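These figures come from a predicted structure and were not determined experimentally. Each chain gets a letter, A, B and so on, in the order its sequence line appears, and its residues count up from 1.
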Number of protein chains: 2
Amino acid sequence: MSIQRENKRDEVSAAVVSRLPKYYRCLRDFLNNDKLRVSSKELAEAMNTTASQIRQDLSSFGGFGQQGYGYNVKTLYTNISVILGINDTYSAVIIGTDRLGAVLAKESVFSKRGVILRAAFDSRSENIGKEILTDIYVRDLSELENFCKSCVIDIVVMTDYPEYAERLNNCGIKGIWNFTGAQLELKNINEDISVQDVFLGDTLMMLCYKINMKQKEKS
Amino acid sequence: MSIQRENKRDEVSAAVVSRLPKYYRCLRDFLNNDKLRVSSKELAEAMNTTASQIRQDLSSFGGFGQQGYGYNVKTLYTNISVILGINDTYSAVIIGTDRLGAVLAKESVFSKRGVILRAAFDSRSENIGKEILTDIYVRDLSELENFCKSCVIDIVVMTDYPEYAERLNNCGIKGIWNFTGAQLELKNINEDISVQDVFLGDTLMMLCYKINMKQKEKS
DNA sequence: TAGATTGTTAATCGATTAACAATC
DNA sequence: TAGATTGTTAATCGATTAACAATC
């Protein structure tokens, strides 16, 4: 119970977490421009927010700055990388190899984040056996569980077959990156597994909404 | 000034807007299951939120329900579709035809939302001229502005060349769906143009963060 | 030492939840 | 009419912003 409470206290709000990647990108740009130090005011301008928020956010992970000086860009960048777990290596498999799946396999987004693709799965016979990436041949979906168990797989990238998610409960995986466009049944998924949704269709709908609003404002 | 104020008052918060696509998906599922009516309580359960939030959200667009009865699924679905502008037709072009661009072109996400792809652009000579979709051949990026002006293009899907965004200011486009992984320079982009970002890398970073947190909690 | 800028505490603002009168 | 459930107002909660003492 005391540990529970400890965790609760240390827990960082979802709002802050959602801003971390933006901090990371922004600091990376500063670093690439050989900037050595940055104040919360400067960071705020670059990120289109307030200096207060920057300091509040960063202090929730401990103080990375120095009064009168600001933040050392390199140090802050390194710290945020560690917080995000970006320097670690992850092994991954892809489920669904049509279109989106095939492309994600080739995407640099994986290698940039230390994610190594180990295998790809599909249940359509016309896809099975295809080489979607050097030395990565599409396997039958029915092999998925055994594969994850025998190899050590951290991340499952789902681009199809959302109903397969719960089969991953006892395969030792740590996270699901969900592109299926369907809400996974979280109540059937092991609590140890983190789920990150990407609803592409939702973002297109929101764009349509914004476009429509602007039209209406005018009239 | 009175109109300005009117708009301000009618403005729906970003939090509500971000939930609209979820309402839409949820109601579509109910509709597919031939459900005729739904209460805020039921909807809340399906959407993993509170009945209060459902009623609060929906009332910000006007009352779609009926005391003692709830909401008619079909009516609510139609209303949300109209709010999202989902039944309208949009014409679009894609910038960048490597990997992600090529796949998005083929994705059903477009046709599902009434988005018709008119053209694709790239500046790499090896890509130009390729047929990435039936009758859609990759054009030279330099033709982009003239093309958008002459045809009536609503949406530009950017998968590359983020620096090109500001060139779209006077082409009459209404929205940019940004997959470039770079923050577009909003101060250089016409206010009439809505921008919807999709930072895939950010979502992967957030997944890594969650995975790491769970590991730390255990130890 | 003086100026700058942090980390943190307090104030404000907005979003979510609860309560309930209105009414189908 | 009685029961159900909305739309809306009020209460609570959390996140953002402002202020400032601490200190490099």
Side-chain angles (χ1 to χ4, degrees), chain A residues 5 7-23 26-27 30 35-80 83 206 209, chain B residues 5 7-23 26-27 30 35-80 83 206 209:
Chain A
R5 213 176 271 154
N7 280 341
K8 208 80 194 175
R9 183 153 56 86
D10 288 356
E11 216 162 78
V12 177
S13 79
V16 176
V17 173
S18 72
R19 282 191 290 267
L20 284 176
K22 205 172 169 187
Y23 282 109
C26 195
L27 289 162
F30 279 149
K35 196 165 169 57
L36 295 179
R37 49 175 277 199
V38 68
S39 69
S40 56
K41 189 158 166 280
E42 284 176 290
L43 248 182
E45 269 160 33
M47 289 189 44
N48 207 27
T49 178
T50 63
S52 253
Q53 181 165 84
I54 304 277
R55 294 204 298 278
Q56 195 76 276
D57 283 2
L58 295 180
S59 80
S60 69
F61 295 102
F64 300 130
Q66 202 171 25
Q67 279 108 325
Y69 174 86
Y71 302 86
N72 177 289
V73 174
K74 177 86 205 217
T75 309
L76 189 53
Y77 176 77
T78 306
N79 274 300
I80 297 222
I83 291 165
M206 283 167 68
Y209 174 84
Chain B
R5 215 176 268 155
N7 280 342
K8 209 79 193 176
R9 182 152 57 87
D10 288 357
E11 218 162 77
V12 177
S13 78
V16 177
V17 173
S18 72
R19 283 192 289 269
L20 284 177
K22 204 173 170 188
Y23 282 108
C26 195
L27 289 162
F30 279 148
K35 196 165 169 57
L36 295 178
R37 48 173 277 199
V38 68
S39 68
S40 55
K41 188 158 167 279
E42 285 176 289
L43 248 180
E45 269 160 33
M47 289 190 43
N48 206 27
T49 178
T50 63
S52 252
Q53 182 165 83
I54 304 276
R55 294 204 298 279
Q56 194 75 276
D57 282 2
L58 295 180
S59 81
S60 69
F61 295 102
F64 300 130
Q66 203 170 26
Q67 278 109 327
Y69 172 85
Y71 302 86
N72 177 289
V73 174
K74 177 87 204 212
T75 309
L76 189 53
Y77 175 77
T78 306
N79 273 299
I80 298 221
I83 290 165
M206 283 166 69
Y209 173 84

Enquirer: Along nucleotides 19-24 of chain D, 5' to 3', which nucleotides get a B, which get an S, and which get a -, given that the test is a protein heavy-atom distance under 4.0 Å?
Expert: BB-BBB
Enquirer: To the nearest angstrom, how far is Ile54(B) atom CD1 from dT6(D) atom P?
Expert: 10 Å
Enquirer: Within less than 4.0 Å of OP1 or OP2 of dT5(D), is there a side-chain N or O belonging to Ser39(B)?
Expert: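 No, Ser39(B) has no side-chain N/O under 4.0 Å of OP1/OP2 on dT5(D).
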Enquirer: Can you name the closest pair of heavy atoms from Arg37(B) and Glu42(B) and give their distance?
Expert: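 So the two residues come closest at O-OE1, 4.2 Å.
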Enquirer: With Ser18(B), which residues qualify under side chain to side chain contact (heavy atoms under 4.5 Å, CB included), at least two apart?
Expert: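 Once residues adjacent in sequence are excluded, the partners of Ser18(B) under the side chain to side chain contact (heavy atoms under 4.5 Å, CB included) criterion are Met206(A).
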Enquirer: Could you state the CZ-C1' distance from Phe64(B) to dT5(D), rounded to the nearest angstrom?
Expert: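 Going from Phe64(B) (CZ) to dT5(D) (C1'), I get 17 Å.
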Enquirer: Test of understanding: with side chain to side chain contact (heavy atoms under 4.5 Å, CB included), list the residues that count as partners of Ser59(B), not counting sequence neighbours.
Expert: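 Partners of Ser59(B) by the side chain to side chain contact (heavy atoms under 4.5 Å, CB included) criterion, ordered by chain and then number, come out as Gln56(B).
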Enquirer: Indicate the atoms forming the closest heavy-atom contact of Ala46(B) with Cys26(B), along with that distance.
Expert: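 Minimum heavy-atom contact is CB-SG, 3.7 Å.
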Enquirer: Any idea which of dT5(C), dT16(D), dT16(C) is nearest the Arg19(A) side chain?
Expert: dT16(D)
Enquirer: Categorize Phe61(A) for me: base, sugar-phosphate, or nothing, with a 4.0 angstrom heavy-atom threshold over every strand shown.
Expert: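 The residue Phe61(A) makes no contact with any strand.
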Enquirer: Backbone N or O of Met47(B) within a donor-acceptor pair of the Lys22(B) side chain at under 3.5 Å?
Expert: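 Pair found, side chain donor or acceptor close to backbone of Met47(B).
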Enquirer: Check the distance between dT8(C)'s P and Asp57(A)'s CG and give it to me in whole angstrom.
Expert: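 After rounding, the gap between these two atoms is 14 Å.
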Enquirer: Listed by chain and number, what are the side-chain hydrogen bond (donor to acceptor under 3.5 Å, both in side chains) partners of Asn72(B), not counting sequence neighbours?
Expert: Thr75(B)
Enquirer: Looking only at non-hydrogen atoms, find the nearest pair between Tyr209(A) and Val12(B) and report the distance.
Expert: OH-CB, 3.9 Å
Enquirer: When the distance from CG of Leu43(A) to C1' of dG7(C) is rounded to whole Å, what number comes out?
Expert: 15 Å
Enquirer: When the distance from OH of Tyr71(B) to C1' of dT6(D) is rounded to whole Å, what number comes out?
Expert: 6 Å
Enquirer: Would you kindly give the CG-to-P distance between Asn72(A) and dT6(C), to the nearest whole Å?
Expert: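 Between P of dT6(C) and CG of Asn72(A): 13 Å.
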Enquirer: Does Glu45(A) have any salt bridge (charged side-chain N to carboxylate O under 4.0 Å, His left out) partners at least two apart in sequence or in another chain, and if so, which?
Expert: none
Enquirer: Which residues in residues 73-80 of chain B have at least one heavy atom lying under 4.0 Å from any atom of DNA chain C?
Expert: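 Nucleic-acid contacts, sorted: none.
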Enquirer: With Lys41(B), which residues qualify under side-chain hydrogen bond (donor to acceptor under 3.5 Å, both in side chains), at least two apart?
Expert: none
Enquirer: My understanding is that only residues two or more places apart in sequence, or in another chain, count here; which of them pass salt bridge (charged side-chain N to carboxylate O under 4.0 Å, His left out) with Lys74(B)?
Expert: none
Enquirer: How is Thr50(B) classified with respect to the nucleic acid when contacts are heavy atoms under 4.0 Å: base, sugar-phosphate, or nothing?
Expert: sugar-phosphate
Enquirer: Please report the shortest heavy-atom distance between Val38(B) and Leu43(B), naming the atom on each side.
Expert: CG2-N, 3.9 Å
Enquirer: For DNA chain D, what string of dots and brackets results from 5' to 3' when Watson-Crick and G-U pairs need both distances under 3.5 Å, crossing pairs get [ ], and pairs with another strand get |?
Expert: ..||||||||||||||||||||||
Enquirer: What pairs of nitrogen or oxygen atoms, one from the protein and one from nucleotides 9-14 of chain C, lie under 3.5 Å apart?
Expert:
from, atom 1, to, atom 2, distance (Å)
dT9(C), O4, Gln56(A), NE2, 3.3

Enquirer: Taking salt bridge (Lys or Arg N to Asp or Glu O under 4.0 Å) as the cut-off, I'd like each qualifying pair that reaches into residues 51-68 of chain A, sequence neighbours left out, listed once.
Expert: Arg19(A)-Asp57(A)
Enquirer: Which residue pairs satisfy the ring-ring contact (aromatic ring centres under 6.0 Å, His included) criterion with at least one member in residues 51-80 of chain B, sequence neighbours excluded?
Expert: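 Passing the test, one end in residues 51-80 of chain B: Tyr24(B)-Tyr77(B).
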Enquirer: To the nearest Å, give me how far apart CZ (Arg37(B)) and P (dA4(D)) are.
Expert: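 Whole-Å distance recorded here is 11 Å.
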Enquirer: Taking all heavy atoms of Val73(B) and all of Leu27(B), pick out the closest pair and write down the distance.
Expert: CG1-O, 3.9 Å
